[in-house]
Amino acid sequence: MPLAGARGGAPWALPGRDTHIVSYRLGGDMCGIVGYTGRGRAAGILLRGLSALEYRGYDSAGIALSGTPLAVFKCGGRVSALAGMVPPSSAHAGIGHTRWATHGVPCAENAHPHLSFDGTLAIVHNGVIENCDELRAECTARGIPLASQTDSELAAHLLALDGGDIPERLFRLAKRVKGAFTVLVLREGDDKVYAYKRGASLVVSSGKNGCYVASDATALPRSCKRATVLSDGECAVLSPDDTFRTMTEKGVSEEHVSVILSGRGSSRGGCRMRAEMDETPSALLATFASFCSPFKGKAEALARLRTCSRVLLFGCGTAYHACLAGKGMMERVAGKPCEAYPAGEADDIPFCGGDTLAVFVTQSGETADTLRAMEECKHRGAFTLAVTNCEGSTASVKADACLPLAAGAETAVAATKSYCCQVLALWLLAKSAEESGGEKDAVLDLSAKCASALKLRLPPELCLSPKLLFIGRGIDSVTAREGALKFKEVTWLPADAYPASELKHGPIALADGDCTVVAVLTDAGNVSRILAAVSELRSRGAKVVVCSAAGDVGGDVTLPLPVTEECLLMPALAVIPLQRLALECAEQLGRDPDKPRNLAKSVTVI
């Protein structure tokens, strides 16, 4: 198929330059980008980097290799398909991309890299160009044929229309582009790789045989021991002699955020979701050790927690559920008024000011909605604290303080161990305000009890019913919500969660022989209420499975849960059998739990 712009009769046609593409469609999610220049063979290095970024979710993939002309290979679907179509190459520089569709359907033509109309530049882009209609009209008016439906292709053409060196062009184009604009550029006949960062993250490093740039450190080889985190508005030029330089529009960058690289995922095969669940007990201990160690802004964050008038918690998806659990901890343990918000809904945050501690929970540290909420709270004068598993991430850099979870790499899309560690981190923060002690014993107990919970199993065959509900009272309703979310994520089947007290106000209409209900019970004070709910459901034909730390309440199946010394930490334990249930149901259905359709590990667009 002809290269982008190489349509017969067009003024910018490029006879003889072909891009190699395979077209088929496959559901997927969020973008990842990699770049390399050095003494190694670029194709293999890029493909390994893209494979490491598969956890982010994607629908297509591609690479561009240096030379004259530039060689572009891209396809719809998995990186493995791309690897099968890339021939042996001696190119020593290149850029690569995994795409999650925002503009244009998932297919080879819309995959990155995109070539400029004259074939001299190839670009990959992470982000969304909000004024793409205006820029598309400009390209069309200039007679440039467009080879894709994407917003990203426009950047390649506009860079080629400009003059000067590549960093100067990038700075000028960035002023015209609205929205997230993180790009890599490869130029024909040039072994340098050029990078610009705004919005979506980029890290740069040098290692064995060259320089590397990627969306996150997961894609960097283990020969890279330290990485530089680019700031918004910063450009990097990677050279094949193992050096790189960074700059802003005003000149050479003088201050950088540098992170030591470690724990970049496991080389172990098999199901990553299962492996990461199994790591929960040790991850909890690591989070406790991280909290006990110095971290960015620790002293001021803990002081602010003791003196602030209110605490606001923000997160998305699973992290939001951790915030809901954390709300009760802040109120009951720290004695602070607290609200938990889905970060994407935090457009107008009431009662947020200089006397507010705003906590942002994000596994990746790159969640766009969470970062936007952080900016809003900073604008209102709140002290901001990030709770993240990724040091050097945007959240960790932009927040006033950052508590690293230190849970180890989590690359399965569905969060498991990181959720348990987020719950623990919020409890540790609350306890620091109370100053009553006992944290070490409670954490050791939680870790041991979670190890026991990993052996528990709910019957997946009972839960693969046409209607599945999760219920709980109080803090158990948060666990029910997280259980339903995990089930939806990895099985692709509908599941709902409700507070048990809400059953009679609508949801019980679903109760019949085709309905299964999973009830969570960890508080003995709720036994009578859950017992009544179970009776009402079973009398209408529903099957009821109970995860209980408070005895038998009359369910069809009862799974006894271990009891933690600290009751507020039960959400970190009670969720484990629900995570396993989701995993085993997905496997029975033939789904890949590590890569659920339409989802991304790191949601970097609004």
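Residue numbers count from 1 along this sequence.
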Next on the checklist: Could you go through Asp216 and Cys390, starting from their C-alpha distance and side-chain angles, then the distance that decides it, and tell me whether this counts as side chain to side chain contact (heavy atoms under 4.5 Å, CB included)?
Outcome noted: CA-CA 9 Å; Asp216 65 55; Cys390 297; over 6 Å; no
Item to check | Derivation of the salt bridge (Lys or Arg N to Asp or Glu O under 4.0 Å) call for Lys431 and Glu439 | outcome: CA-CA 8 Å; Lys431 285 287 287 183; Glu439 291 91 339; 5.1 Å; no
Checklist entry - Which word best sums up how the rings of Phe470 and Phe487 line up, parallel for under 30°, tilted for 30 to 60°, or perpendicular for over 60°? => result tilted
Checklist entry - Which residue, Phe383, Tyr320, Phe314, Tyr341, forms the ring-ring contact (aromatic ring centres under 6.0 Å, His included) with Phe360? => result Phe314
Checklist entry - Would you say Leu284 and Thr280 make side-chain contact, with heavy atoms under 4.5 Å? => result yes
Checklist entry - What's the verdict on side-chain hydrogen bond (donor to acceptor under 3.5 Å, both in side chains) for Glu54 and Thr98, showing C-alpha distance, side-chain angles and the deciding distance? => result CA-CA 8 Å; Glu54 285 190 294; Thr98 54; over 6 Å; no
Checklist entry - Within the distance-only criterion (no hydrogens, no angle test), does the side chain of Thr367 pair as donor or acceptor with the backbone N or O of Asp369 below 3.5 angstrom? => result no
Next on the checklist: Just checking Arg310: does its CZ atom have more than 12 heavy atoms from other residues, nucleotides or ligands closer to it than 6.0 angstrom?
Outcome noted: yes
Checklist entry - So does Glu375 have more than 12 non-hydrogen atoms from other groups sitting under 6.0 Å from CD? => result yes
Item to check | Pairs involving residues 574-589, ordered by first then second residue, that meet salt bridge (Lys or Arg N to Asp or Glu O under 4.0 Å) (sequence neighbours left out) | outcome: Arg274-Glu587, Arg457-Glu584, Arg580-Glu584
Checklist outcome for this item: Given the options Val311, Leu385, Val333, Leu357, Leu429 meets side-chain contact (heavy atoms from CB on, under 4.5 Å) only with Leu385
Next on the checklist: Has Thr558 got a side-chain atom pairing as donor or acceptor with Asp552's backbone, closer than 3.5 angstrom?
Outcome noted: no
Checklist entry - For the residue pair Cys420 and Ala572, what are the closest heavy atoms and their distance? => result SG-O, 3.2 Å
Item to check | Ser293 vs Lys298, side-chain hydrogen bond (donor to acceptor under 3.5 Å, both in side chains): CA-CA, chis, key distance, verdict | outcome: CA-CA 9 Å; Ser293 303; Lys298 179 177 182 178; over 6 Å; no
Checklist entry - More than 12 heavy atoms of other residues, nucleotides or ligands under 6.0 Å from CD of Glu489: is that the case? => result yes
Checklist entry - Among Asn389, Thr362, Thr287, Leu405, which residue meets the side-chain contact (heavy atoms from CB on, under 4.5 Å) test with Gln422? => result Leu405
